[in-house]
Amino acid sequence: MADWQLDIQGADAGQAAAALCELEGVEATWQPVEGDYREGTMAAIATVIGIVGGSIAIAEKLHKWYSTYRQRQTAQGAVVEKVVIIAGDQRLLLEGKTVAEIKQWLDVLESA
């Protein structure tokens, strides 16, 4: 599977990216994005360079991670407003995606 990235946007994008990098089975790094996408919105890019385990296990972990950070609220609003997985010219917005949909997307990446 080729490297892929997660574009994480929200008030706590850095904390969410760091937590992603700590998930068991995910080898990743992250960095903040210089400048804001829009005023008051922070962003971070996490680069996944390896996964251990099957795509279903990783899909479940990504879904749980996203759900956890999406549902938290701060005084500024949602901790994570938006997450997009990017692999080459393919993109997957995690909003509303099920574990099965994430797994299907990861399987496509793996076969490429």
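- Here K103 contributes atom NZ and E60 contributes atom CD; the two are 10.5 Å apart, rounded to the nearest 0.5 Å.
- By the side-chain hydrogen bond (donor to acceptor under 3.5 Å, both in side chains) test, Q5 is found to be paired with T47, residues two or more places apart in sequence or in another chain being considered.
- Applying the side-chain contact (heavy atoms from CB on, under 4.5 Å) rule to E101 yields the partners K97, T98; only residues at least two apart in sequence or on another chain are considered.
- Listed by chain and residue number, Y66, R70 satisfy the side-chain hydrogen bond (donor to acceptor under 3.5 Å, both in side chains) test with E95 (two or more places apart in sequence, or in another chain).
- Listed by chain and residue number, I8, W65, Y69, V80 satisfy the side-chain contact (heavy atoms from CB on, under 4.5 Å) test with A16 (two or more places apart in sequence, or in another chain).
- Considering only residues two or more places apart in sequence or on other chains, S67 meets the side-chain hydrogen bond (donor to acceptor under 3.5 Å, both in side chains) condition with none of them.
- In this structure, K82 has no salt bridge (Lys or Arg N to Asp or Glu O under 4.0 Å) partners at least two apart in sequence or on a different chain.
- Between A44 and A17, the shortest heavy-atom distance links the atoms CB-CB, 4.0 Å.
- In the hydrophobic cluster analysis, where Ile, Leu, Val, Met, Phe, Trp and Tyr join through side-chain heavy atoms closer than 4.5 angstrom, W30 is grouped apart from V83.
- V84 is not listed as a side-chain neighbour of Q9, based on a closest heavy-atom distance of 4.5 Å or more.
- Linking ILVMFWY residues whenever their side-chain heavy atoms come closer than 4.5 Å, directly or via other members, leaves L6 and L93 in distinct clusters.
- Here CZ of R91 is found 8.5 Å from CG of D7. Values are rounded to the nearest 0.5 Å.
- When hydrophobic residues (I, L, V, M, F, W, Y) are linked wherever their side-chain heavy atoms come within less than 4.5 Å, the members clustered with V99 are I56.
- Between L62 and W4, the shortest heavy-atom distance links the atoms CD1-CH2, 3.8 Å.
- A search for side-chain contact (heavy atoms from CB on, under 4.5 Å) contacts involving T68 returns K64, R72, not counting sequence neighbours.
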